[in-house]
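Report on the following structure.
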Protein chains: 2
Amino acid sequence: MKDAKNVTITDSEWIVMRAIWTMGHATSRELIDAMNELEGWSASTTKTLLHRLIQKQAVAQYGDSRPFTYKPVVGEKESMAAAADDLFDHMCAMRAGSTIAGVIQSRELSRADIANLQAILAEKAKTAPEEVQCNCLPGDQTC
Amino acid sequence: MKDAKNVTITDSEWIVMRAIWTMGHATSRELIDAMNELEGWSASTTKTLLHRLIQKQAVAQYGDSRPFTYKPVVGEKESMAAAADDLFDHMCAMRAGSTIAGVIQSRELSRADIANLQAILAEKAKTAPEEVQCNCLPGDQTC
DNA sequence: TTATTGTGACTACAGTTGTAAACTAATAAG
DNA sequence: CTTATTAGTTTACAACTGTAGTCACAATAA
């Protein structure tokens, strides 16, 4: 999973990011407690993850005296978009449509979400091609 | 990335799967050549990946004499759906809508794909909730 | 001012992944 | 039948991940 700056954020790091995004900013204590409650992780585990996220510049440390504050450097929306694009880049272009269909069916979406998607689709329909080509192999085989 | 049987298929393995899905069935020679052309991999690399896929039961070996044939055991559509679900499971439920919107905007979709998505959305709109809750943390904080 | 504790940094370690070499067994060529 | 070639199996190895212990230092309490 890639984040907005194209750094890979691993699954466990992703969980920490979600907490930080939701809280807006947090101390390590808050994160340690949240992760302990949510995942049963030991304090060390959360600290390590937090550190790796700082190294990857997905999170930054603020403050001058000791209980530092941690804030996200990368945005949630952008990171999720990047992760999603990363996934779709690994699949056959021809299958994107039906995969999206599956996702839409299996997720809860609000009325506003749906209206938004409908608007986007209506717009996109204007210039949509008849067919999308398979891009899995060199040559013109199709899956 | 999880496949249909809930086994993790890694990024490079995914590339091999795409080739096998597209070809329908293939010999190792065909795969080695395709992967070499597509990714510049050495024969060994493709062999290793193919082996791991067999162990994971994502691919099976057919035939009784030596140039064996390899065929997918897991379906492409199901595997992609599983991978997509896996991704969305790691993100905030509240953000699914806008992430899907981003994906739709950035991908090529055929007229038929779009029509299908529109039909699904119309149906889904009938029972859509006003709001989707954030599920990132215990308690009712929202991101 | 010293003892205690909370917070951050460093180390650890097994399992997975990406990439490939080496080895072995089967088949084809001479 | 022997040799060369190809296909399949084992081994390798560094980087990355998940998970966590230990050490050092700053803040606080005694």
Side-chain angles (χ1 to χ4, degrees), chain A residues 1-3 6-20 25-71 83 86-87 89-90, chain B residues 1-3 6-20 25-71 83 86-87 89-90:
Chain A
M1 273 184 285
K2 303 293 178 78
D3 88 334
N6 233 41
V7 174
T8 299
I9 292 193
T10 70
D11 285 354
S12 359
E13 287 165 359
W14 198 263
I15 295 172
V16 176
M17 287 307 296
R18 280 177 71 175
I20 299 182
H25 57 82
T27 63
S28 68
R29 170 72 10 219
E30 292 169 321
L31 286 170
I32 287 170
D33 291 346
M35 294 302 102
N36 179 265
E37 182 170 352
L38 209 58
E39 305 285 330
W41 289 342
S42 83
S44 299
T45 299
T46 302
K47 290 181 192 179
T48 300
L49 261 6
L50 192 50
H51 248 264
R52 290 183 183 165
L53 285 168
I54 290 171
Q55 281 173 334
K56 291 179 183 181
Q57 305 198 60
V59 165
Q61 203 180 43
Y62 292 87
D64 46 352
S65 84
R66 230 167 184 203
F68 295 124
T69 298
Y70 298 90
K71 295 189 201 176
D86 189 47
L87 175 75
D89 282 346
H90 285 275
Chain B
M1 275 183 286
K2 303 293 179 76
D3 89 334
N6 233 43
V7 174
T8 299
I9 292 193
T10 69
D11 284 355
S12 1
E13 287 165 359
W14 198 263
I15 295 172
V16 176
M17 287 308 297
R18 280 177 72 176
I20 298 181
H25 57 81
T27 63
S28 68
R29 169 66 18 212
E30 292 170 320
L31 287 171
I32 287 170
D33 291 345
M35 294 303 103
N36 178 263
E37 182 170 355
L38 209 58
E39 305 285 331
W41 289 342
S42 83
S44 299
T45 299
T46 303
K47 288 180 192 181
T48 300
L49 261 7
L50 192 51
H51 247 265
R52 289 183 183 164
L53 285 168
I54 290 171
Q55 280 173 334
K56 292 180 182 180
Q57 305 198 59
V59 165
Q61 205 180 44
Y62 292 88
D64 44 353
S65 84
R66 231 175 181 195
F68 295 125
T69 298
Y70 299 90
K71 293 189 202 175
D86 190 47
L87 175 74
D89 283 345
H90 285 276

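The sequence lines fix the lettering, A, B, ..., with proteins before strands; numbering per chain opens at 1. Atoms considered below: every heavy atom in the structure, side chains included; atoms not considered: hydrogens, waters and symmetry mates.
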Between its two end axes (five pairs each) the helix from C/dT1-D/dA30 to C/dG30-D/dC1 turns, nearest 10 degrees, through 10°
Distance check, rounded to the nearest 0.5 Å: [X] atom [atom1] versus [Y] atom [atom2]?
| X | Y | atom1 | atom2 | value |
| --- | --- | --- | --- | --- |
| A/T10 | A/L53 | OG1 | CG | 7.5 Å |
| B/I9 | B/K2 | CD1 | NZ | 11.5 Å |
| B/D11 | A/H90 | CG | NE2 | 4.0 Å |
| A/L49 | A/W14 | CG | CH2 | 13.5 Å |

By nearest-heavy-atom nucleotide on DNA chain D, the more 5' of B/Y70 and A/T10 is B/Y70
**Message:** So for atom CD, which belongs to A/Q61, do other residues, nucleotides or ligands contribute more than 12 heavy atoms lying within a distance under 6.0 Å?
**Reply:** yes
Show me, pair by pair, the donor-acceptor contacts under 3.5 angstrom made by side chains of residues 35-46 of chain A, not counting sequence neighbours?
residue: A/N36; atom: ND2; partner: A/W41; partner atom: O; Å: 3.1
residue: A/S42; atom: OG; partner: A/S44; partner atom: N; Å: 3.3
residue: A/S42; atom: OG; partner: A/T45; partner atom: N; Å: 3.4
residue: A/S42; atom: OG; partner: A/T45; partner atom: OG1; Å: 3.3

Using a cut-off of under 3.5 Å, enumerate the N/O to N/O pairs linking the protein to nucleotides 27-30 of chain D.
residue: D/dA27; atom: OP1; partner: A/R66; partner atom: N; Å: 3.1

Minimal non-hydrogen separation, [X] against [Y], with atom names:
| X | Y | answer |
| --- | --- | --- |
| B/A58 | B/M17 | O-CE, 3.6 Å |
| B/I54 | B/Y70 | CD1-CE2, 3.5 Å |
| A/D89 | B/R18 | O-NH1, 3.7 Å |

A/E13 atom CD is separated from D/dC16 atom C1', nearest whole Å, by 10 Å
When rounded to whole Å, the NZ to C1' distance for the pair A/K2 and D/dC16 reads 13 Å
So salt bridge (Lys or Arg N to Asp or Glu O under 4.0 Å) across residues 55-64 of chain A, not counting sequence neighbours, yields A/E13-A/K56
request  = Please test B/L50 against B/K47 for side-chain contact (heavy atoms from CB on, under 4.5 Å), starting from the C-alpha separation and ending with a verdict.
outcome  = CA-CA 5 Å; B/L50 192 51; B/K47 288 180 192 181; 5.6 Å; no
Students should find that the nucleotides of DNA chain C closing off the region near chain A, any atom under 4.0 angstrom from a heavy atom, are C/dG6 to C/dA12
Residues in residues 25-53 of chain A with a heavy atom under 4.0 Å of DNA chain D, by number, are A/W41, A/S42, A/S44, A/T45, A/T48, A/L49, A/R52
